[in-house]
Each structure stands twice: as C-alpha cells, then as structure tokens.
Protein chains: 2
Amino acid sequence: MTSEDVFKKNIMELVIPADKVAHVQSINPLEHALLVLMKTGYSAIPVLDRDSRLQGVISKTLILNNIVGIERIEYEKLGERIVESAMKKNPPLLRVGDDLLSAIKLSIDHAFICIEDDKGIFQGILPRSSLLKFLNHYLRD
Amino acid sequence: MTSEDVFKKNIMELVIPADKVAHVQSINPLEHALLVLMKTGYSAIPVLDRDSRLQGVISKTLILNNIVGIERIEYEKLGERIVESAMKKNPPLLRVGDDLLSAIKLSIDHAFICIEDDKGIFQGILPRSSLLKFLNHYLRD
Ligand SMILES: Nc1ncnc2c1ncn2[C@@H]1O[C@@H]2COP(=O)(O)O[C@H]3[C@@H](O)[C@H](n4cnc5c(N)ncnc54)O[C@@H]3COP(=O)(O)O[C@H]2[C@H]1O
Ligand SMILES: Nc1ncnc2c1ncn2[C@@H]1O[C@@H]2COP(=O)(O)O[C@H]3[C@@H](O)[C@H](n4cnc5c(N)ncnc54)O[C@@H]3COP(=O)(O)O[C@H]2[C@H]1O
C-alpha cells in the first residue's frame, strides 16, 4: 500500500453503521442514558432526534458532572433531568464523502467521529479503533 | 519520513510520563477513585501500588457496574468497597524499549497502554491521541 492508497480510502468502509451504534434521544431522562451506557459499557454515545439527526454526545462523565452537588452526587436528579441538559453539543462531525486524512486528524482529539450524509441524516460513527486497525495494516505491508 | 522512521521511533517520545498520569491505589475506596475520575474527566486511569508497580486499571464503567444492584445503583457501596474489588487486572502493557509498531497494534483495542521499565516500575501511559498525532504527521510528509 502506498500513501496514495491511504488518501483514496473511502471512510465508509471503516464506519460503524447507524443501526449498530448505541444512542439515546435528547428528551430521554438522564437515568435512561446512564443505564444504556452501563449496559453497553461505552464511555460516550451519540444523541439523536426522532428524525435521526445528530443533536450531541452524552457520556458517563457528563452525566455524573451534571448531578454532582456540593456535598454528594445527587442521584435523584437522574430521574428529573433530561439528556439535553447534560449533553455536549456540536460534536466532531464528518460527511460521507470526506477523506481518510481528515478523519485521522480529527480523531487525534476525539475517541469517535460522527458521520452524516449531505442531508444531515446520521450514518454512523468512525471510532479510533477502526482507524488504528487500518493504519496498522497499511504500515505492515 | 519513510516507514523505516516509523519503526525506529522511540515510544518514550510519545509517552505521558508517570508524574502527569492521574492514578489511584488498589487499597483506596471506590468513592475516592470515582471522585478522581470525575475531577480529571478521564474514563479510565491506572491503579498502582505504593512502590509504583502497576496493579490494574479502574474506570467509571467498572465502578458503576460493581455497585449496581437488582433495583438500583447502590451508591452507599462506594464507601464500603475498595478499588481492588472492581479494577481490571492485567491491563495492556509495553516495556520502555518496545517498538512503535507493537504499540500501534496494541492500541487497536485499548484506549491507552501502560509502560513499565525492565524492573516493573510504572513509567507512564501511551494514549491513542499520541499515536494518532504522530501518524498524522507521518502521513502528511
Ligand atoms: N463492548 C466493547 N467491545 C469491544 N471493545 C470495546 C467495547 N467497549 C469498548 N471497547 C474498546 O475500548 C475502547 C474505548 O471504549 P470507550 O467506550 O471508552 O469509547 C468508545 C465509545 O464511546 C464509542 N463507541 C464505540 N462503539 C460504539 C457503538 N457501537 N455504539 C456507540 N458508541 C460506540 O466510541 C469510542 C471509541 O471506540 P473504539 O472502538 O475506538 O475504542 C474502544 C474499544 O477499543
Ligand atoms: N482533560 C482532557 N484534556 C484534553 N483532552 C481530553 C481530556 N480528557 C479526554 N480527552 C480527549 O478524549 C479522549 C478520550 O478520553 P478518555 O478519558 O475516554 O480516555 C483517556 C483516559 O482514560 C486515559 N488518559 C489520558 N490522559 C491521561 C492522564 N494524564 N492520566 C490518566 N489517564 C489518562 O487515556 C485515555 C485515552 O486518552 P487520549 O488522550 O488518547 O484520548 C482522550 C483525549 O483525546
């Protein structure tokens, strides 16, 4: 493989498709989001609206920081607050036709990148593990 | 840069040194570990013993899964249990003299790799962000 091959690689071959990505909706209670994160074991997952458009990203860190009070972690807030109040808006994003080099650069500071099509519909995520697996093959040949 | 340069690169140039790595001890209560994870914002951190030897890795996921009961998350267990009861033993490990290609391969399935010297003393961690930053430079030249 030459570095030419890296630049021409279609990122969709490395993307986890939307139907295999754990996600929640912005109107869900924080408790529901925490249970999905615990059941899947993921640190962070995308937040979508009913039309499969990306709203943000929610994580165990964001949820716990949202309910921590002065004296203790106020667990009863999990049922009272919704995902929208704790999620990170404007997560790192790429479009279906973007090149692999842009994906590698963006993945330096983000554990995964959300992918959408040109109408803004969520298509899946590109996690660092997929990029590293591809680069490992590329360097070994 | 040629692929020769990648193979010769010393991983210690990419490692976060031990004094900059947030960590806890295996005898600390889970509550202490959760507060360190919340304050730093990290998903997972190394667990060391008093002689700076690696014991394992602890994460928000491991702590929450350790205290979840049938009906609810049993938060009172945070003060009763210690890190050792929840941590993952035998985390991914490299030695100071190991090569970069071994680090890339190991980082496919792990967010960070712990580094120790030939006496087993913890030297720091190699996070995926460091590897991706190096690879991004390598591919762009
Ligand atoms: N159930 C599991 N099975 C196998 N390996 C697992 C795993 N859970 C975590 N890992 C490993 O640990 C890495 C960090 O996971 P984390 O949950 O912090 O961070 C994950 C998670 O926040 C998110 N993610 C990955 N797959 C997802 C999915 N299917 N749905 C939603 N989010 C996902 O993307 C981040 C980066 O994922 P990446 O694969 O690069 O890196 C993953 C993967 O290598
Ligand atoms: N406070 C912060 N400032 C800037 N960026 C931040 C950050 N916290 C997280 N990030 C970004 O998010 C990525 C995932 O962080 P996470 O905490 O899940 O996963 C982290 C964390 O579990 C651990 N880690 C990183 N630096 C650490 C340190 N100084 N001490 C202990 N653990 C560390 O290694 C994993 C991978 O780190 P990596 O740098 O590849 O990837 C980090 C980094 O790109």
Side-chain angles (χ1 to χ4, degrees), chain A residues 1-7 9 14 31 34-44 59-68 72-76 78-79 88 99-113 126-141, chain B residues 1-7 9 14 31 34-44 59-68 72-76 78-79 88 99-113 126-141:
Chain A
M1 257 204 253
T2 65
S3 56
E4 218 36 62
D5 295 331
V6 175
F7 304 128
K9 181 87 179 169
L14 303 176
E31 189 163 43
L34 187 58
L35 289 173
V36 170
L37 287 164
M38 285 174 67
K39 225 179 70 220
T40 58
Y42 295 127
S43 302
S59 68
K60 289 180 177 115
T61 300
L62 289 168
I63 293 173
L64 289 170
N65 287 339
N66 185 272
I67 62 170
V68 69
R72 59 182 193 84
I73 298 175
E74 298 170 1
Y75 301 104
E76 60 287 355
L78 285 173
K88 194 180 75 182
D99 66 88
L100 189 67
L101 216 55
S102 308
I104 292 167
K105 190 170 167 58
L106 202 53
S107 77
I108 290 171
D109 291 316
H110 303 285
F112 66 91
I113 303 162
L126 182 53
R128 282 171 166 170
S129 58
S130 299
L131 289 169
L132 287 160
K133 193 179 271 176
F134 173 75
L135 290 169
N136 180 56
H137 275 302
Y138 165 68
L139 288 168
R140 286 186 186 270
D141 289 350
Chain B
M1 255 206 258
T2 65
S3 61
E4 218 34 60
D5 296 328
V6 175
F7 303 131
K9 182 87 179 167
L14 304 176
E31 189 161 50
L34 186 60
L35 289 173
V36 170
L37 286 164
M38 284 175 67
K39 222 179 73 217
T40 58
Y42 294 127
S43 301
S59 69
K60 290 182 177 108
T61 301
L62 289 167
I63 293 174
L64 289 169
N65 286 339
N66 186 272
I67 62 170
V68 69
R72 60 183 192 88
I73 299 176
E74 298 170 2
Y75 302 103
E76 60 285 356
L78 285 172
K88 193 178 79 180
D99 66 277
L100 189 65
L101 215 55
S102 307
I104 293 166
K105 190 171 166 60
L106 201 54
S107 77
I108 292 171
D109 290 316
H110 303 285
F112 66 90
I113 303 163
L126 184 52
R128 282 171 165 170
S129 57
S130 299
L131 289 169
L132 288 160
K133 194 180 273 175
F134 173 76
L135 291 170
N136 180 54
H137 276 301
Y138 166 68
L139 288 167
R140 286 187 188 272
D141 289 351

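What you see is a predicted model; the values in this text were computed from it and never measured.
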Checked B:Lys133, B:Glu31, B:His110 vs chain A; the most non-hydrogen pairs under 4.5 Å come from B:Lys133
In the structure I gave you, are the side-chain heavy atoms of A:Ser129 and B:Arg128 within less than 4.5 Å of one another anywhere? yes
Note: vs chain A, highest number of non-hydrogen pairs under 4.5 angstrom among B:Asp109, B:Leu34, B:Ile104, B:Leu78 is B:Ile104
Student check: side-chain heavy atoms of B:Thr61 and A:Met38 closer than 4.5 Å: no
If you define the side chain from C-beta out and look only at heavy atoms, does anything of B:Leu100 sit under 4.5 Å from A:Leu139?
no
>> Please tell me whether B:Lys60 and A:Ser43 have a donor and an acceptor in their side chains that are separated by less than 3.5 angstrom.
In response: no
Practice prompt. Could you please spell out the steps behind the side chain to side chain contact (heavy atoms under 4.5 Å, CB included) verdict for A:Leu131 and B:Leu135?
Written response: CA-CA 11 Å; A:Leu131 289 169; B:Leu135 291 170; over 6 Å; no
Here the pair of heavy atoms bringing A:Leu101 nearest to B:Asn136 is O-OD1, 4.3 Å
Applying a strict 4.5 Å limit to non-hydrogen atoms, the region of B:Leu35 in contact with chain A is neither
Going by the angle between their ring planes, with limits at 30° and 60°, are B:Tyr75 and A:Tyr75 parallel, tilted or perpendicular? parallel
Whatever's closer than 4.5 Å to a heavy atom in chain A on B:Ile73 counts as side chain
